[in-house]
Amino acid sequence: MYTLLSGLYKYMFQKDEYCILILGLDNAGKTTFLEQSKTRFNKNYKGMSLSKITTTVGLNIGTVDVGKARLMFWDLGGQEELQSLWDKYYAECHGVIYVIDSTDEERLSESKEAFDLPLHS
Ligand SMILES: Nc1nc2c(ncn2[C@@H]2O[C@H](COP(=O)(O)OP(=O)(O)OP(=O)(O)O)[C@@H](O)[C@H]2O)c(=O)[nH]1
Ligand SMILES: [Mg+2]
């Protein structure tokens, strides 16, 4: 009976959780994207001032509920020495958002190389 009820409860109220990695070069706008997503989708979230966002050294985690899904975003640091950590998270995630600063044309090829890195490791 307990199993039946807990199954029913989970079916009705529990959200499916998905882990989404946010990758991209340093300064591409990953943390800004995460903050904007949280502000847009989480009703009671008062977003932090965008000017207060500094470069990410570790990991920012943000949760956003969309319909019956709960998206758990992992925003990793994009600096070169941190890129080797990307593939540690790659195997655990359900999806990847790759952020490119389209105005920074000089770094587009560097961005492409960094994008290819976890795909080939
Ligand atoms: N104009 C403009 N500036 C942006 C946009 N997104 C981010 N920025 C600016 O770009 C800079 C870097 O943004 P972050 O979100 O910290 O970049 P990041 O990819 O998280 O960088 P790391 O944490 O170092 O990997 C900040 O000064 C932001 O305000 C955008 O869509 N438009
Ligand atoms: Mg960041």
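In this text the structure is predicted, and so the values were computed from the model without any measurement. Both ligands and their constituent atoms are indexed starting at 1 by order of listing.
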K.L.:
Side chain of W74, backbone of G62: donor and acceptor closer than 3.5 Å?
P.N.:
no
K.L.:
Around atom 27 (O) of ligand 1, find the nearest protein heavy atom and jot down its residue, atom name and distance.
P.N.:
N27 OD1, 5.0 Å
K.L.:
What protein heavy atom is closest to atom 16 (O) of ligand 1, reported as residue, atom name and distance in Å?
P.N.:
I53 CG2, 3.5 Å
K.L.:
Can you find a pair of side-chain heavy atoms, one from N27 and one from T55, that are under 4.5 Å apart?
P.N.:
no
K.L.:
Can you check atom 4 (C) of ligand 1: any protein non-hydrogen atom closer than 4.0 Å?
P.N.:
no
K.L.:
Just to be sure I read this right, does ligand 1 sit under 4.0 Å from the backbone of T55, its side chain, both, or neither, counting only heavy atoms?
P.N.:
both
K.L.:
Any Lys/Arg nitrogen of D26 or R107 sitting under 4.0 Å from an Asp/Glu carboxylate oxygen of the other?
P.N.:
yes
K.L.:
Taking the minimum heavy-atom distance to atom 28 (C) of ligand 1, which of T32, L23, I22 ranks first?
P.N.:
T32
K.L.:
Going through the distances and angles, do R70 and D65 end up as a salt bridge (Lys or Arg N to Asp or Glu O under 4.0 Å)?
P.N.:
CA-CA 4 Å; R70 171 158 293 170; D65 289 340; 2.7 Å; yes
K.L.:
Considering only non-hydrogen protein atoms, determine which one is nearest to atom 23 (O) of ligand 1 and report residue, atom name and distance to 0.1 Å.
P.N.:
T56 N, 2.7 Å
K.L.:
Quick one, K38 and F73 - any side-chain contact, counting heavy atoms below 4.5 Å?
P.N.:
no
K.L.:
Around atom 17 (O) of ligand 1, find the nearest protein heavy atom and jot down its residue, atom name and distance.
P.N.:
G29 N, 3.1 Å
K.L.:
Checking only N/O/S atoms, does T31 have one that is under 2.8 Å from the Mg ion (ligand 2)?
P.N.:
yes
K.L.:
Side chains of T63 and L71: closer than 4.5 Å at any heavy-atom pair?
P.N.:
no
K.L.:
Give a yes or no on this: more than 12 heavy atoms of other residues, nucleotides or ligands lie within 6.0 Å of atom CD of E105.
P.N.:
no
K.L.:
Could you check whether atom 31 (O) of ligand 1 has a protein contact, counting only heavy atoms that fall below 4.0 angstrom?
P.N.:
no
K.L.:
Under 3.5 Å, side chain of E35 to main-chain N/O of L50, donor-acceptor pair present?
P.N.:
no
K.L.:
Given side chains that start at C-beta, do those of V64 and N42 come closer than 4.5 Å, heavy atoms only?
P.N.:
yes
K.L.:
Can you confirm whether something in the protein, heavy atoms only, sits under 4.0 Å from atom 9 (C) of ligand 1?
P.N.:
no
K.L.:
Do I61 and M72 have side chains that approach each other closer than 4.5 Å (heavy atoms only, starting at C-beta)?
P.N.:
yes
K.L.:
Do ligand 1 and K30 have nitrogen or oxygen atoms that lie under 3.5 Å from each other?
P.N.:
yes
K.L.:
Does some non-hydrogen atom of D101 fall short of 4.0 Å from ligand 1?
P.N.:
no
K.L.:
Does any N, O or S atom in T56 come within less than 2.8 Å of the Mg ion (ligand 2)?
P.N.:
yes
K.L.:
Check ligand 1 against L25 and write out every atom of the ligand that is under 4.0 Å from a heavy-atom position of the residue.
P.N.:
19 (O)
K.L.:
Can you confirm whether some protein heavy atom lies under 4.0 Å from atom 20 (O) of ligand 1, or whether none does?
P.N.:
yes
K.L.:
Taking atom 25 (O) of ligand 1 as the reference point, report whether a protein heavy atom occurs under 4.0 Å from it.
P.N.:
yes
K.L.:
Would you confirm whether any non-hydrogen atom of the protein falls under 4.0 Å from atom 1 (N) of ligand 1?
P.N.:
no
K.L.:
Find all atoms of ligand 1 within a distance of less than 4.0 Å from any non-hydrogen atom belonging to G78, and give their numbers and elements.
P.N.:
25 (O)
K.L.:
Is any side-chain heavy atom of W86 less than 4.5 Å from a side-chain heavy atom of L117?
P.N.:
no
K.L.:
Any nitrogen or oxygen of A28, main chain or side chain, under 3.5 Å from a nitrogen or oxygen of ligand 1?
P.N.:
yes
K.L.:
Between ligand 1 and G77, can you find any atom pair, the residue atom being a heavy atom, that is separated by under 4.0 Å?
P.N.:
yes
K.L.:
Step by step, work out the side chain to side chain contact (heavy atoms under 4.5 Å, CB included) result for Y90 and L21.
P.N.:
CA-CA 7 Å; Y90 207 64; L21 265 186; 4.0 Å; yes
